[in-house]
Amino acid sequence: MPELPEVDAVVRRLREAAANSTIHSIKVERPGTVLPHQPTDFKPLHGATILDVRRRAKHIFIHLSTNQHLHIHLRMTGNLYVLPDYRLRPHTTRLWCRLTDNRVLIFDDSRALGKVHLVSSDDIQRIESELGPEPLESAFTPALLKTILANVKSPIKPALLDQTRIAGIGNIYASEALWHARIHPATPAKDIRASKIKPLHAAIQKVLTEATASAYREYSQPGTQIASEEFGVAAYGRTGEPCPRCNTPIERIVQAARSTFFCPRCQQL
DNA sequence: TCGATCCTGTAG
DNA sequence: CTACAGGATCGA
C-alpha cells in the first residue's frame with residue numbers, strides 16, 4: 001500500500017529491472033484496470049521497448065518506444081514488479097507484460113482500485129500540471145508551504161492529502177508529520193502559526209526522507225510486498241498506545257473519511 | 001466539504 | 001459477521 005516513498009522505491013526497482021527491455025505481449029486480466037481503454041488497445045504495444053520508468057508524485061509513467069506512455073496509479077494496494085516467468089503471477093494480477101526474455105512485468109492489485117492507462121506526452125503534461133510541488137524537492141521551501149496553506153480553511157490534515165497543494169503526502173505520513181511538528185490535525189490550515197511553518201516543513205521532509213530510505217532497503221529484494229514496516233511509526237495506527245514523547249495515549253479521529261492519529265497532549269488546538 | 005463509491009482482503 | 005485498509009473522484 002504505497003505512499004510516495006513506496007512508489008519511489010517501486011519505480012527505482014522497476015527501472016533497474018525493466019528499462020531497455022522489450023514487450024512481447026500484454027495481457028489485461030481485469031478490464032476495469034485499463035478503463036476507459038479496451039484490452040485490445042494494448043495490442044499495438046507488442047514489440048515496444050521500455051525506454052524509462054519515472055514517477056511524478058504517486059503517478060508512475062513508463063515511457064515506450066512507440067512514444068506512448070503507460071500511466072500507472074497504484075492507489076491502495078497496487079504493486080509493480082518483475083518475475084522470471086508469467087506462470088508465477090499471483091491471482092491478484094490485473095495486467096501483465098511478457099518481455100522478450102520471458103520475464104514478466106506484473107501489475108498486482110488485490111483491491112483492483114489501481115489504474116493502468118495508455119497516454120500521450122500531452123496527457124502527461126496535463127496530469128502533471130494539476131499536481132502540487134514535490135515535497136522532497138528544493139522548490140518546496142517553508143516560504144512556499146506558507147503560501148500553499150494561506151487562506152485554506154480546511155483542517156491541516158486533509159489539506160496535506162490534497163495532491164493539488166502538495167503532491168505525494170498520504171494518510172500515514174500526514175499523521176506522522178503533524179505529530180513531529182506538534183500540530184493538532186484539526187487546526188485550520190490558514191491558522192497554523194508562522195512559528196509552526198518551519199517545523200511542519202521539516203517534519204514533512206524528515207518523515208518522507210526516512211520512509212524513502214526504509215522503502216529502498218525493503219524493496220532491494222525483488223518481489224517484496226508493499227509495506228512500511230521498518231519505518232518507525234510514532235502515532236499512525238497506535239490508538240491507545242503511549243505517545244513516544246509524553247506517554248499520553250494516542251487518539252484516533254476521522255477526518256474526510258480517513259483515520260487520523262495524534263497525541264492529544266503534544267498536539268493541542 | 002462531506003459522504004459514497006470503486007474493490008478485495010484481513011483482523012477482530 | 002462487521003470494521004477497516006497507506007487513494008482519489010464524483011455528486012450532493
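First the proteins, then the strands, lettered A, B, ... as listed; each starts at 1. Because only heavy atoms are used, hydrogens play no part in the values below, and waters and symmetry mates are left out as well, while side chains stay in.
Across the protein-nucleic acid pair, A:Arg238 atom CZ and C:dC4 atom C1' stand 18 Å apart, rounded to whole Å. Atom CD1 in A:Ile172 sits roughly 10 Å away from atom P in C:dA5 (whole-Å rounding). Look at CG on A:Leu4: it is 13 Å from C1' on C:dG7, rounded to the nearest Å. The distance between atom CE of A:Met76 and atom C1' of B:dT5, rounded to the nearest whole Å, is 12 Å. To the nearest angstrom, C1' of B:dG3 lies 15 Å from CD of A:Gln255. Remark: P of C:dA5 and CG of A:Asp109 are 18 Å apart, rounded to the nearest angstrom. Taking atom CZ of A:Arg75 as the reference point, atom P of C:dC10 lies 9 Å away to the nearest angstrom. Atom pair A:Leu113:CG and B:dC6:C1' shows a separation of 6 Å (rounding to whole Å applied).
Contact annotation: A:Lys58 side-chain N/O to C:dA8 OP1/OP2 distance is under 4.0 Å. Contact check, A:Arg111 against B:dC6: no side-chain N or O comes under 4.0 Å of OP1 or OP2. In terms of phosphate contacts, A:His73 brings a side-chain nitrogen or oxygen within less than 4.0 Å of OP1 or OP2 of C:dA8. For the pair A:Lys153 and B:dT1, the criterion of a side-chain N or O lying under 4.0 Å from OP1 or OP2 is not met. Distances shorter than 4.0 Å separate none of the side-chain N or O atoms of A:Gln163 from OP1 or OP2 on C:dG7.
For the P atoms, the distance from B:dA4 to C:dA3 is 13 Å, rounded to whole Å.
When distances run from any side-chain atom of A:Ser154 to the nucleotides B:dT1, C:dA5, B:dC6, the shortest one goes to B:dT1. When the nucleotides C:dC4, C:dG7, B:dG9 are ranked by their closest atom to the side chain of A:Arg258, C:dG7 comes out on top. Listed candidates were B:dT8, C:dC4, B:dG9. Nearest to the side chain of A:Arg252 is C:dC4. Distances from the side chain of A:Ser110 to the nucleotides B:dG9, B:dC6, C:dA8 place B:dG9 closest. Closest to the side chain of A:Arg30, out of C:dA5, B:dC7, C:dG7, is B:dC7.
Across all strands shown, B:dC7 remains unpaired; no Watson-Crick or G-U wobble contact has both distances below 3.5 Å.
Contacts of A:His59 with the nucleic acid, taken as non-hydrogen atoms under 4.0 Å apart, are absent.
Note: A:His117 and A:His71 have perpendicular aromatic rings, judged against thresholds of 30 and 60 degrees for the angle between ring planes.
Under the 4.0 Å criterion applied to side-chain N and carboxylate O atoms, A:Arg103 and A:Asp85 are not assigned as salt-bridge partners.
Ring to ring, A:His69 and A:Phe61 are not that close: their centroids are 6.0 angstrom or more apart. Aromatic ring centres of A:Trp96 and A:Tyr86 lie closer together than 6.0 Å.
In this structure the side chain of A:Pro188 never reaches within 4.5 angstrom of the side chain of A:Val152, judged on heavy atoms.
Tested against A:Leu80 for a side-chain contact (heavy atoms from CB on, under 4.5 Å), the candidates A:Leu74, A:Val116, A:Leu70 yield a single pass: A:Leu74.
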